[in-house]
Amino acid sequence: MSKEIIERLPKELQTSFYRDNPKKIFVLSMISCGFYDLLWFYRHWRHFKRRAIGLNKIKQQELNIYSKDKDIIPFWSTFFCGFYIVGTARRIRDKMKSAGFSNYAIGPWWAFFLFGNDGIMGFFGGTEDINLNVTIYIIDVLVVAISTWQITRLQIKANEYMTLSNECPQIVEAHYKKWDLIVLLLGFILGFFALIGTIFPL
């Protein structure tokens with residue numbers, strides 16, 4: 001896609017993917033017990049939709065690989081994020097590959113199998129054995145970390161593509177928006193009650 005066409009889009013839509021800081025994603029996801037992942041998915045698929053609409057407005061929709069992006073409903077992409085992570089990973093991989101970059105391996109299906117925010121606590125109601133409860137909780141934190149790493153590494157690869165293709169500078173600063181803090185607080189509160197309910201069940 002020509003630079004002239006890209007520059008006719010709003011600045012935030014000039015990149016192929018939503019720009020974000022990977023460290024910020026991982027930290028917020030862990031603190032919110034994986035709840036922040038939902039916001040990450042929503043922003044990415046909303047970006048695809050807005051970018052497609054922008055291209056359509058300047059009559060360049062035929063240059064967009066994904067012709068139906070303008071019909072995306074970000075809510076459903078977020079609701080079914082466990083499946084849409086494959087589509088997100090494929091988009092990044094395809095962009096890297098089409099640009100001729102040799103390091104385009106993303107592993108969409110690995111992301112699918114390793115992604116999942118619920119962990120094992122949803123199936124564990126807690127016992128009278130506090131030590132066992134603590135062990136289960138630690139294991140669950142590790143599961144959330146593995147899950148969170150899937151979207152973090154996808155953001156790293158997306159940023160890498162945007163940098164190598166000169167769509168944006170290499171450094172992506174960690175900006176905290178209002179919804180970052182709202183989702184973080186909500187996830188932290190839910191995670192806290194899950195922790196108490198798991199380790200010290202009634």
Side-chain angles (χ1 to χ4, degrees), residues 1-55 64 66 69 72 74-75 77-78 81 84-85 87-99 101-108 111 114-115 117 141 144-191:
M1 195 176 300
S2 69
K3 185 177 180 180
E4 291 75 16
I5 293 174
I6 293 298
E7 289 178 345
R8 293 173 63 184
L9 291 171
K11 186 175 182 180
E12 67 274 11
L13 299 179
Q14 292 180 9
T15 55
S16 297
F17 304 101
Y18 181 78
R19 295 182 61 201
D20 211 342
N21 183 284
K23 290 182 180 179
K24 165 195 162 185
I25 293 169
F26 190 82
V27 171
L28 293 188
S29 293
M30 291 302 298
I31 295 176
S32 65
C33 299
F35 203 70
Y36 182 79
D37 297 356
L38 300 176
L39 183 58
W40 183 87
F41 275 101
Y42 181 84
R43 284 173 170 169
H44 266 271
W45 287 90
R46 183 185 62 179
H47 179 84
F48 298 148
K49 179 184 179 74
R50 288 178 171 176
R51 182 177 167 87
I53 291 174
L55 289 173
N64 189 16
Y66 304 97
D69 275 9
I72 288 174
F75 171 82
S77 301
T78 304
C81 60
Y84 273 85
I85 193 172
T88 309
R90 282 178 172 169
R91 284 169 179 259
I92 299 170
R93 180 198 62 189
D94 292 346
K95 279 286 190 178
M96 295 283 284
K97 190 174 182 179
S98 64
F101 303 136
S102 59
N103 55 340
Y104 61 81
I106 302 293
L114 295 176
F115 179 79
N117 299 323
V141 170
V144 172
I146 292 172
S147 174
T148 295
W149 175 245
Q150 302 315 305
I151 66 168
T152 303
R153 71 184 182 89
L154 291 183
Q155 187 67 60
I156 291 173
K157 297 298 286 189
N159 289 355
E160 185 178 343
Y161 169 80
M162 292 184 286
T163 300
L164 292 174
S165 58
N166 296 317
E167 288 187 356
C168 68
Q170 183 175 5
I171 299 176
V172 179
E173 296 181 3
H175 294 291
Y176 295 91
K177 301 179 180 179
K178 177 180 68 175
W179 278 104
D180 291 332
L181 302 179
I182 292 174
V183 171
L184 175 64
L185 180 60
L186 180 60
F188 179 80
I189 293 173
L190 293 176

Where is the tightest heavy-atom contact between [X] and [Y], given as atom of each residue plus distance?
X   : Y    : answer
I72 : R91  : CD1-NH2, 4.2 Å
C33 : V144 : C-CG1, 4.0 Å
L38 : T78  : O-CG2, 3.3 Å
K24 : D180 : NZ-OD2, 2.9 Å
I25 : Q155 : CD1-CG, 3.4 Å
L55 : L9   : N-CD2, 3.7 Å

Once side-chain hydrogen bond (donor to acceptor under 3.5 Å, both in side chains) is applied, do any residues pair with [X], and if so which ones, sequence neighbours excluded?
X   : value
T88 : W45
K49 : none
Y18 : K177

With no hydrogens and no angle check, is any side-chain donor or acceptor of [X] less than 3.5 Å from a backbone partner on [Y]?
X    : Y    : value
Q150 : I146 : yes
R19  : E12  : no
K157 : R93  : no

Give, for atom [atom1] of [X] and atom [atom2] of [Y], the distance between the pair rounded to the nearest 0.5 Å.
X    : Y    : atom1 : atom2 : answer
T163 : I156 : OG1   : CD1   : 11.5 Å
H47  : L13  : NE2   : CG    : 6.0 Å
M30  : L184 : CE    : CG    : 12.5 Å
L190 : F35  : CG    : CZ    : 6.0 Å
Y176 : N21  : OH    : CG    : 7.0 Å
S77  : R46  : OG    : CZ    : 12.5 Å

Problem set entry | Sequence-distant partners of F26, ring-ring contact (aromatic ring centres under 6.0 Å, His included), two or more places apart |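 With neighbours one apart ignored, the set is empty.
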
Problem set entry | All ring-ring contact (aromatic ring centres under 6.0 Å, His included) counterparts of W40, not counting sequence neighbours |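 ring-ring contact (aromatic ring centres under 6.0 Å, His included) list for W40, sorted by chain: H44.
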
Exercise. Should I151 and S29 count as side-chain neighbours, where that means a heavy-atom distance under 4.5 Å?
Worked result: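 Yes. Closest side-chain heavy atoms under 4.5 Å.
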
Exercise. Is the closest side-chain heavy-atom distance between L154 and I85 below 4.5 Å?
Worked result: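 Yes, close enough: below the 4.5 Å cut-off.
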
Exercise. So E160 and F101, side-chain contact (heavy atoms from CB on, under 4.5 Å) or not? Walk me through it.
Worked result: CA-CA 10 Å; E160 185 178 343; F101 303 136; over 6 Å; no

For this session: May I have all residue pairs that pass salt bridge (Lys or Arg N to Asp or Glu O under 4.0 Å) and include part of residues 161-170, sequence neighbours excluded?
Result: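 Every pair satisfying salt bridge (Lys or Arg N to Asp or Glu O under 4.0 Å) with a residue in residues 161-170: there are none.
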
Exercise. Taking it one step at a time, do C168 and Q14 satisfy side-chain contact (heavy atoms from CB on, under 4.5 Å)?
Worked result: CA-CA 9 Å; C168 68; Q14 292 180 9; over 6 Å; no

